[in-house]
Amino acid sequence: MTKEEILQDYRLACESRQTSILARKEVFMGKAKFGIFGTGKELAQICMAKFFKEGDFRSGYYRDQTFMMATGELTIEQYFAQLYGHADIEHDPHSGGRMMIGHYSTRNLDEQGRFKDLTKIKVSTPDISPTGAQMPRLVGLAWASKLFRNNPALHSMTNFSNNGNEVAFGTIGNGAMAEGVFFEAINAAGVLQVPMLISIWDDAFAISVPQRYQTTKDDISSLFEGFRRDHNERGIEIMKVKGWDYEALCYAYKEATRICRDEHVPVLMHVCEMTQPMGHSTSGSHERYKTTERLDWEEEYDCNKKFREWILENGVCTEDDLIAIETDSVEKVKRARQAAWDNHLKAVHVDQDIAVDYLNQVAATSAHKEELQQLATELQKTLNPYRSDAVRFVKKALRLLRNESSASKSLLQDWAARTAKENARRYNSHLYSESVESALLVPEVAPVISADAPLIDGRELLQHNFEALFNRDPRLLAFGEDVGQIGDVNQGFSGLQDKFGEIRITDTGIREATIVGQAIGTAMRGLRPIAEIQYLDYLLFAIEILSDDVASLHYRSAGGQKAPLIIRTRGHRLEGMFHSGSPMQMIIGAVRGMFLCVPRNMTQAAGMYNTLIKGDEPAIMIESLNAYRLKEKLPENLGDFTVQLGIIDVLRPGTDITIVTYGSMCRIVQEGANELQQLGISCEIIDIQTLLPFDRTQQIVESIKKTNRVLFADEDYSAGATAYMMQCVLEGQKAWQYLDSEPKTLSAKDNRPAYSTDGDYYSKPSPDDVIDVVYEMMHEVNPSKFPKWYK
Ligand SMILES: Cc1ncc(C[n+]2csc(CCOP(=O)(O)OP(=O)(O)O)c2C)c(N)n1
């Protein structure tokens with residue numbers, strides 16, 4: 001290494017440390033809400049960054065500011081912009097002010113939401129705060145390199161990979177290692193043999209809790225000895241290095257990245273003897289829980305201090321040279337902080353200044369002159385203002401002015417409307433794709449079914465459709481428990497591994513969180529994964545990752561990144577507990593930001609897959625467990641026909657009541673409606689097809705305008721997805737005003753569904769239940785025409 005490089009490293013270590021010190025002060029001065037910093041971790045990150053190339057990926061956590069600065073993906077000014085919550089990607093490109101400090105993300109998409117050339121970016125995937133939750137994504141990012149290298153059909157995707165040479169770099173704290181998902185990810189990486197380099201920043205504590213409470217052995221790397229590769233067996237490489245030893249760190253990372261990049265073997269890098277000189281975060285001080293001996297040791301072994309000593313011992317430069325660098329870095333950070341603060345204030349002041357002006361104007365002619373002037377003065381004097389301050393003051397003013405009308409009041413009203421729109425854009429946009437590739441732009445193409453179309457099992461129809469999709473698009477891959485050799489437990493992929501190879505259709509271990517992680521990582525790298533969770537009941541093992549990582553990904557990166565993956569699962573009703581759940585409200589509540597498809601049959605499911613593959617949103621597909629063996633006609637345009645997402649399907653026209661349902665319940669409701677017809681009650685049945693998005697064109701209210709009655713039916717618990725649908729329709733579509741009867745819901749019992757036919761009958765809604773609820777509603781309307789049959 002040259003003298004320049006070493007001194008540049010020292011400069012960066014000093015700048016990063018100063019950044020943390022000044023940022024902490026900003027929080028204590030009330031200029032920012034919360035601070036968590038990368039102090040004590042600077043040196044290892046500088047050394048790691050030396051081997052992080054364009055095209056590589058990072059999945060880390062909130063301590064990685066120095067690494068981000070070293071890779072050139074974070075400036076000090078951007079750091080402070082995020083600290084202040086500057087809601088503008090020009091200033092905080094990592095999250096547009098959405099994430100708290102220390103959460104990084106590069107901008108991988110172009111203006112239209114398409115992937116840029118990822119081989120030219122040092123990619124950081126968007127960080128999340130739940131400890132350990134970066135691990136599943138890391139496995140997938142590394143797995144993608146293996147797919148790119150080993151599948152010749154992908155070699156032309158040169159904007160995404162250079163022969164699979166990319167390493168996925170992960171970071172995690174020593175405490176977070178106790179999370180189950182960490183062990184799951186290490187095991188998965190070892191099984192998959194992927195270029196994943198996971199660094200553990202070991203500072204011996206997790207907030208106040210020492211390591212002995214976290215892991216069986218204090219020495220973390222020795223815990224993993226059983227995973228170590230040897231000459232006979234695959235495994236992972238394990239390395240241990242001290243976080244203050246510059247030379248050793250450089251050597252270790254050089255060797256680790258060589259192993260990952262060349263051999264595609266995962267490496268666990270235990271970086272021990274790290275410190276945390278400023279404590280965990282701005283909430284609390286570490287003097288409360290660290291002994292004096294520990295605090296003294298941390299002072300002595302501070303990595304920046306040790307680096308300084310090493311430079312002097314090795315005669316790289318004089319102490320005066322170092323003092324000059326240290327002084328420079330203080331000044332540089334101060335300037336960057338000031339610039340970020342000025343820009344932040346300037347942005348907030350644009351609307352605030354106008355609001356003050358309008359408040360003064362309206363005060364001049366108002367009966368509430370004094371109160372309004374006072375509002376203007378108070379707003380003007382607000383120290384460290386937020387955007388919402390001006391909004392709150394203007395709303396107060398409009399309440400005072402409710403009985404007045406004037407041109408200046410109108411200005412104030414326009415201001416309120418404009419800023420509401422702009423702030424919605426700042427804080428609520430990009431939950432879903434806004435790109436030219438959105439699945440919502442995919443038009444409907446009906447299935448072409450000839451008169452002599454063969455009647456086949458639903459599972460076969462799916463299999464034929466998957467075959468058509470896989471034939472034409474090499475980016476597609478499918479994986480999960482039993483998906484490979486036997487083509488999934490219901491044979492939707494039957495025979496397709498033989499046809500497309502294990503590289504595209506493959507089995508995985510039983511590890512739902514990292515199956516989803518494989519989907520996230522590969523989707524972020526330009527592939528189109530269909531990841532299977534064997535039964536809907538087991539989605540719970542992955543719901544944290546789906547909710548925290550997948551669903552919020554596009555939003556938290558302010559449209560900077562996307563992961564168009566499909567989670568394929570099956571549920572609703574079959575036999576017994578843990579095999580026939582339908583916890584839809586749990587999913588709806590957890591995955592806003594994903595689409596949730598609930599097809600009633602396999603033609604519909606296939607059409608939805610075809611739509612999703614054309615789009616770029618992540619989605620969950622819940623196939624109906626009991627529909628795989630029902631007969632359906634085989635369409636001719638396999639892979640081409642589509643279902644428009646968020647558009648309802650009227651299964652049966654009717655005049656007395658609208659029944660809104662989806663999935664397996666469509667057949668139950670249809671059966672009930674047949675008998676109700678004989679009883680003189682005409683039901684209009686609506687299959688909503690997708691719970692997210694929900695009835696985008698607001699057609700359900702049109703049905704209710706005609707029937708004036710509505711029943712929401714499904715197999716979720718009470719107050720579950722039926723309550724969600726009711727809110728969407730009665731409040732969202734204002735359907736309440738067309739009702740002549742109390743709106744009703746029909747859901748499953750609150751216990752888990754019991755086993756066998758009787759268990760199903762007494763746990764899930766049956767056609768009898770549909771008839772009872774609807775008949776009771778009609779009895780109330782016309783008791784003589786519909787007399788009760790129960791006591
Ligand atoms: C799932 C989850 N549980 C708890 C927390 C609260 N929390 C934030 S940081 C932290 C300690 C993490 O310690 P460690 O992994 O050693 O990393 P360090 O902060 O020391 O770098 C905890 C418990 C969290 N963010 N996520």
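Both counts, for ligands and for their atoms, begin at 1 and track the order of listing. The residues of the chain are indexed from 1 along the displayed sequence. All values below come from the heavy atoms of this structure, side chains included, with hydrogens, waters and symmetry mates left out.
The contact set between ligand 1 and H280, taken as ligand atoms under 4.0 Å from a residue heavy atom, comprises 9 (S), 10 (C), 11 (C), 19 (O). Taking a cut-off of under 4.0 Å to the non-hydrogen atoms of G175, the atoms of ligand 1 that pass are 14 (P), 15 (O), 16 (O). Every atom of ligand 1 with a heavy atom of R63 under 4.0 Å away is listed here by number and element: 18 (P), 19 (O), 21 (O). In the vicinity of E179, heavy-atom distances shorter than 4.0 Å reach the ligand 1 atoms 1 (C).
There is no protein heavy atom less than 4.0 angstrom from atom 6 (C) of ligand 1.
Within 6.0 Å of CG in L295 there are more than 12 heavy atoms belonging to other residues, nucleotides or ligands.
At a cut-off of 3.5 Å, with distance as the only test, no side-chain donor of D716 or Q585 sits close to an acceptor on the other residue. Between the side chains of S557 and S105, no donor-acceptor pair of N or O atoms lies under 3.5 Å.
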Criterion salt bridge (Lys or Arg N to Asp or Glu O under 4.0 Å) on E326 and R11, from CA distance to verdict: CA-CA 7 Å; E326 288 154 9; R11 185 179 296 278; over 6 Å; no
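Looking from atom 25 (N) of ligand 1 to the surrounding protein, the closest heavy atom is S129 O, 3.1 Å. A176 N, 2.8 Å is the protein heavy atom nearest to atom 15 (O) of ligand 1. Distance from atom 23 (C) of ligand 1 to its nearest protein heavy atom, with residue and atom name: I207 CD1, 4.0 Å. Scanning the protein heavy atoms around atom 2 (C) of ligand 1, the nearest turns out to be T131 OG1, 3.2 Å.
With a 4.0 Å heavy-atom cut-off, ligand 1 is reached by the side chain of D203 but not by its N, CA, C or O. Contact annotation: for F205 versus ligand 1, heavy atoms closer than 4.0 Å belong to the backbone alone.
Salt-bridge formation is detected for the pair R525/E166: a Lys NZ or Arg NE/NH1/NH2 atom is positioned less than 4.0 Å from an Asp or Glu carboxylate oxygen.
For K306 and Y301, the positive end sits near the middle of the six-membered ring, less than 6.0 Å away and at most 45° from its axis. Annotation: cation-pi geometry not satisfied between R98 and Y427 (NZ/CZ under 6.0 angstrom from ring centroid, within 45° of ring axis).
Between the choices F37, Y62, Y61, the shortest heavy-atom distance to atom 12 (C) of ligand 1 belongs to Y62.
A donor-acceptor distance shorter than 3.5 angstrom exists from the side chain of T514 to the backbone of R511, with no hydrogens or angles considered.
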